[in-house]
Protein chains: 2
Amino acid sequence: MRDPLATSPGYSLRRASSAMAALLTERLALLDLRTVEATVMMLIAENPQVTASRIGASLDIQRANMVPLLKRLEDAGLIERTPIDGKSQGLALTAAGTEKTAAARTTIRRFEAELIERVPPEHRAHLLPALDALWR
Amino acid sequence: MRDPLATSPGYSLRRASSAMAALLTERLALLDLRTVEATVMMLIAENPQVTASRIGASLDIQRANMVPLLKRLEDAGLIERTPIDGKSQGLALTAAGTEKTAAARTTIRRFEAELIERVPPEHRAHLLPALDALWR
DNA sequence: TCCAGATTGCTATGGGCAACAACAATCTTA
DNA sequence: TAAGATTGTTGTTGCCCATAGCAATCTGGA
């Protein structure tokens, strides 16, 4: 079958991203975590008492979409919120959350290592800067 | 804010992909096309009388999900189906579909060029092979 | 000090995309 | 020709993201 997409960086980017996302999703599912959740928890771990807004701003997640996300983490006993003032609340990991985040970090580290290993050595150093140039 | 994702190729891949996807989606919307639709039409253009199954296999789209996709293209008068045998049907572009596909191709070409231009020159040649190694 | 405007968290809703299970009709091949 | 594979289809579900709108609260300039 003739494939006009064979040399399209845009298409390859989409496919590579979704392939890798699927792989990571599968791995994190073993911890009963979704990718976004693991990401959010890692951010909270590094920045105790951040607000939902700041997390959202950093990850480009709309405020509205943070709500069910954080609710699920809270219901699972992984994070807790403490009021900062009347409207803001600081986020922090619970003990269980800290433990789960550590596990997630291990999973992610291994995943990233495998990702890089898939790339032929001569291209490896170029991947991150090239990707970053596309969005940062 | 401390950002543990700053050097994560997996995260950068996701962000780059979604940034680029959003840009292309926006451009193709001017033609009243979604990204998948443009992709499917380009594939049909290069392979007249392909079946929905083969398109799906090539793009990793489930058969079930091809149905509404093709229905929309057919309703828009962009593609037509001709029975090959009792169960298979060949897909082809209509005149309108051919025209729209040409427009989409122009849009996509421009988009791909801008994408590559965002990448610092020394990394450009490495992007496609690195990405392809992740999924092909 | 007070008020306009910004910020925060939230509800509700919908679109796009993909996954799964199941089915009937049809083709293929052993 | 019967068993199994293929094709197109329906229906349903889930995730992620976007928008609009709202109430409560904070903040900064007059």
Side-chain angles (χ1 to χ4, degrees), chain A residues 1 11 13-15 17-29 32-40 44 49-75 79-91 135, chain B residues 1 11 13-15 17-29 31-40 44 49-76 79-91 135:
Chain A
M1 181 163 173
Y11 182 69
L13 180 57
R14 252 195 318 142
R15 290 298 299 263
S17 174
S18 91
M20 291 301 97
L23 179 56
L24 181 57
T25 297
E26 186 189 322
R27 302 269 178 94
L28 287 174
D32 192 29
L33 282 180
R34 291 192 283 250
T35 304
V36 208
E37 293 169 345
T39 309
V40 165
I44 295 176
Q49 298 308 313
V50 271
T51 63
S53 296
R54 304 230 311 142
I55 296 273
S58 170
L59 298 179
D60 265 333
I61 299 175
Q62 307 276 328
R63 259 169 322 142
N65 297 325
M66 290 294 296
V67 179
L69 203 168
L70 293 178
K71 176 165 174 21
R72 189 168 176 276
L73 290 178
E74 191 177 31
D75 288 351
I79 64 171
E80 56 192 1
R81 325 192 199 199
T82 23
I84 290 179
D85 56 30
K87 67 175 179 181
S88 299
Q89 37 194 315
L91 303 174
W135 72 276
Chain B
M1 180 161 171
Y11 183 69
L13 180 57
R14 255 200 311 146
R15 291 298 299 263
S17 175
S18 90
M20 292 299 98
L23 180 56
L24 182 57
T25 296
E26 186 188 322
R27 302 269 178 95
L28 286 174
L31 300 177
D32 192 29
L33 282 180
R34 292 191 282 248
T35 305
V36 207
E37 293 169 346
T39 309
V40 165
I44 295 176
Q49 298 308 311
V50 270
T51 62
S53 296
R54 302 231 310 143
I55 296 273
S58 170
L59 298 178
D60 266 334
I61 300 175
Q62 308 274 326
R63 277 199 320 281
N65 297 325
M66 291 294 297
V67 177
L69 204 167
L70 293 178
K71 176 164 175 21
R72 189 168 176 275
L73 291 178
E74 190 177 32
D75 288 351
I79 66 170
E80 57 192 359
R81 325 193 200 199
T82 24
I84 290 178
D85 56 30
K87 69 176 178 182
S88 298
Q89 36 193 317
L91 302 174
W135 71 277

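The model shown is predicted, which means the values in this text are computed figures rather than measured ones. Quick note on labels: first sequence line is chain A, next is B, and so on, each numbered from 1.
- Contact between B/Ile84 and B/Gln49 at its shortest, heavy atoms only, is CD1-O, 3.9 Å.
- Taking every side-chain heavy atom of B/Asp85 into account, C/dC27 is the closest of C/dC17, C/dC27, D/dT9.
- When all heavy atoms of A/Ser53 and A/Arg63 are compared, the pair lying nearest together is OG-CD, 3.9 Å.
- Using five terminal pairs a side, the axes of the helix from C/dT1-D/dA30 to C/dA30-D/dT1 at its two ends make an angle of 30°, given in steps of 10 degrees.
- Atom CZ in B/Arg15 sits roughly 13 Å away from atom C1' in D/dC17 (whole-Å rounding).
- The CG atom of A/Leu59 lies 6.5 Å from the CD1 atom of A/Ile55; values are rounded to the nearest 0.5 Å.
- Rounded to an integer number of Å, the gap from A/Arg72 CZ to D/dC16 C1' is 14 Å.
- Considering A/Thr51, A/Val40, A/Leu70 in turn, A/Leu70 is the only one that fulfils the side chain to side chain contact (heavy atoms under 4.5 Å, CB included) rule with A/Leu91.
- Taking every side-chain heavy atom of A/Arg81 into account, C/dC10 is the closest of C/dC10, C/dT7, D/dT9.
- Mapped onto DNA chain C by nearest heavy atom, B/Ser88 and A/Gly90 fall at different nucleotides, with A/Gly90 at the one closer to the 5' end.
- Straight-line distance from the CG atom of A/Leu33 to the P atom of D/dC16: 11 Å, rounded to whole Å.
- Annotation for A/Ser17 and B/Arg14: closest pair OG-CA, 3.8 Å, computed over non-hydrogen atoms.
- In this entry the distance linking CD1 of A/Ile84 with P of C/dT7 reads 16 Å, nearest Å.
- Between the NZ atom of B/Lys87 and the C1' atom of C/dT28 there is a distance of 8 Å, given to the nearest Å.
- Nearest to the side-chain atoms of A/Gln89 among the listed nucleotides C/dG9, C/dT7, D/dT7 stands C/dG9.
- For the pair B/Ala19 and A/Trp135, the tightest heavy-atom approach, listed with the atom from each and the gap, is CB-CB, 3.9 Å.
- No more than 12 heavy atoms of other residues, nucleotides or ligands lie within 6.0 Å of CZ in B/Arg54, so this atom counts as exposed by the packing criterion.
- Contact between A/Asp32 and A/Arg72 at its shortest, heavy atoms only, is OD1-NH2, 3.5 Å.
- Look at CG on A/Leu28: it is 15 Å from C1' on D/dC15, rounded to the nearest Å.
- Residues from residues 49-71 of chain A placing a heavy atom under 4.0 Å of any atom in DNA chain C, listed by number, are A/Thr51, A/Ala52, A/Ser53, A/Arg63, A/Ala64, A/Val67.
- In plain terms, the two heavy atoms of B/Leu28 and B/Thr35 that are nearest each other are CD1-CA, 3.8 Å.
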